[in-house]
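Notes follow the structure.
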Amino acid sequence: VILTFDDTGDGIPAAARRQLFTPFFTTKPGGTGIGLAISRRVVEAHGGSIQCESTEGHGTTFRIALPVQQAVVDEFSSID
């Protein structure tokens, strides 16, 4: 399963993208810098991955890929 989150904001500078998932890294005043670090750990704990693509001036895309387990597929296919 792939989840995609897009925005049309200002984008993220390349220097900041290299540190996005580093705990306590933030570019926001008053930010804690733990949101994306926690997100990555949760996604990876479930066997997935998270990626960021961004172009300055054109927005950002985050993609989360998670594996599908057969038990989940079976459960949803039995729903009437």
Roughly how far, to the nearest 0.5 Å, is [atom2] of [Y] from [atom1] of [X]?
X	Y	atom1	atom2	result
D10	E56	CG	CD	9.0 Å
Q51	T4	CD	OG1	10.0 Å
I12	Q19	CD1	CD	12.0 Å
I2	I64	CD1	CD1	11.0 Å

Minimum heavy-atom separation for [X] to [Y], with atom names?
X	Y	result
A16	F25	O-CE2, 3.8 Å
G47	P67	O-CD, 3.4 Å
L20	C52	CD1-SG, 3.6 Å
S54	G11	OG-CA, 3.3 Å

When you compare the side chain of F5 with that of T61, does any pair of heavy atoms fall below 4.5 Å?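 Heavy-atom side-chain distance check fails, nothing below 4.5 Å.
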Common cluster, V42/V1, ILVMFWY with side-chain heavy-atom separation under 4.5 Å: no
Determine whether I50 and L3 fall in the same hydrophobic cluster, where Ile, Leu, Val, Met, Phe, Trp and Tyr are linked whenever their side-chain heavy atoms lie under 4.5 Å apart.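 Yes, because I50 and L3 connect within a single hydrophobic cluster, where side-chain heavy atoms sit under 4.5 Å apart.
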Can F24 and I34 be said to form a side-chain contact (heavy atoms from CB on, under 4.5 Å), step by step? CA-CA 5 Å; F24 306 109; I34 60 171; 3.4 Å; yes
Summary of salt bridge (charged side-chain N to carboxylate O under 4.0 Å, His left out) pairs that have at least one residue in residues 34-43, sequence neighbours excluded: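 Listed by first then second residue: R40-E44.
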